[in-house]
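What follows is a set of notes on a single structure, which appears directly below.
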Amino acid sequence: MLTSEQLKTLKQVNVSVDAEKTKERIKFDFSNSTNKEKREIVELSGQKRASFYRAYDKGAVNARLVLAIAQVTNVSPYYYTGEEDERERYSETLAINFLNDKGYHLLAAELSAAEEKPKRARKQKAETDEESMFNSSYFNDDDEDDDFDDEEGFDEELDEDEIQFELIFSDTERVQDVLESLTEDDAILLLRALIRRAEAGGEAEGFLEVVKRCLLT
C-alpha cells in the first residue's frame, strides 16, 4: 500500500487526460465518501482538502490526489484521469502501472519490490509443503491388507482396462490443513516436485503414475 511519505515524492502536475470526466468522477466519489474516508484521502495525499475542490472546478488533478482517492475508494486511478470508463477495482499492480505510465519509475520499482516480498514468502512456504506432502510419512505403503502382492502382481481377475489400486493416506490434522489451503499454484508446484522426485526413481515413481491415471480418468 502507498503511504503519505511515498506520495509526497510525486510532482504536483496535472495527470488528467479528460478534464470533464475527472471533474465529475472526483466530485462524485469524494463527496459521497464518509467523513472518515475523506480524512484518509486528504491525509494520504498530503494536501489540503481545497485541492480536491479545485479538481471539481477545473478537472486538473495530480498523481498524489488520484492515487490517494483511488486507494481509499478502491477504484482504478485510470478511472479518475479519464483514461478508463470502467470502475475497475484498485490493486497494487494498477498503481505500479500508473506510476510507470506517469514517469514515476523509482516509486513504481519500490512498490513492486514491496509487493514481491510476500509472494516470495508464499512461494517458499509452498516449496516447503512440497517436501512435506511427498515425504514418505504422508503415504503408508506397509499395510498388510494391500490389494496386490509384489510377487504376484495385480489380481488376475481384473481386466487390463480395469486395474484397481488402493493407497492409504495420512489423515492427520496437519495434512488436512495443508489440503484445505492448497491453491492451484501450490498444486502445480507439488506436481512439478513429484515429477522431479520420480525421475530419481523410488516410490515417487509409483505415486506419479497414480496421479497421471487420476488426471486422465
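Predicted model, so just to flag it, every value in this text is computed and none were measured.
- Here the straight-line distance linking atom CD1 of I96 with atom CG of L107 works out to 9.0 Å at 0.5 Å rounding.
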| query | Could you walk me through whether S33 and V72 pass the side-chain contact (heavy atoms from CB on, under 4.5 Å) check? | reply | CA-CA 9 Å; S33 296; V72 174; over 6 Å; no
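- One distance of note links CG of D57 with CD1 of I26; it measures 12.5 Å at 0.5 Å rounding.
- Here the closest non-hydrogen pair linking N100 and A108 is OD1-CB, 3.4 Å.
- Put simply, the side chain of N14 gets close to the backbone of V61: a donor and an acceptor are under 3.5 Å apart.
- Applying the salt bridge (charged side-chain N to carboxylate O under 4.0 Å, His left out) test to pairs two or more places apart or on separate chains, those with a residue in residues 79-103 are K21-D85, R25-D85, D29-R87, E83-K102.
- Heavy atoms from other residues, nucleotides or ligands lying under 6.0 Å from NZ of K38 number more than 12.
- Looking at every heavy atom in both residues, A70 comes nearest to S76 through CB-C, 4.3 Å.
- For the atom pair CG (L111) and CG (L106), the distance works out to 12.5 Å, reported to the nearest 0.5 Å.
- A single hydrophobic cluster is not seen to contain both V17 and F98; linkage of ILVMFWY side chains at heavy-atom distances under 4.5 Å, directly or through other members, places them apart.
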| Where do I188 and R192 land on the side-chain contact (heavy atoms from CB on, under 4.5 Å) test, with the steps shown first? | CA-CA 6 Å; I188 293 173; R192 288 174 178 170; 3.7 Å; yes
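- When all heavy atoms are compared, the tightest approach of S16 to A19 is OG-N, 3.7 Å.
- The backbone N or O of S45 sits nowhere less than 3.5 Å from a side-chain atom of R64 that would complete a donor-acceptor pair.
- Between N32 atom CG and T73 atom OG1 the span is 11.5 Å, to the nearest 0.5 Å.
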| field | Residue pair L10, N62: steps toward the side-chain contact (heavy atoms from CB on, under 4.5 Å) verdict | value | CA-CA 9 Å; L10 306 181; N62 60 53; over 6 Å; no
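- Separating the CE atom in M1 from the CD atom in Q71 is a distance of 3.5 Å, to the nearest 0.5 Å.
- Atom OH of residue Y79 and atom OG1 of residue T22 lie 10.5 Å apart, to the nearest 0.5 angstrom.
- Residue pairs meeting the ring-ring contact (aromatic ring centres under 6.0 Å, His included) criterion with at least one partner in residues 24-74, sequence neighbours excluded, are F30-F52, Y53-Y56.
- Q47 pairs with exactly one of R54, Q12, K8 by the side-chain hydrogen bond (donor to acceptor under 3.5 Å, both in side chains) rule, that one being Q12.
- Scanning all heavy atoms of the two residues, the minimum distance from P77 to Y90 falls at CD-CD1, 4.1 Å.
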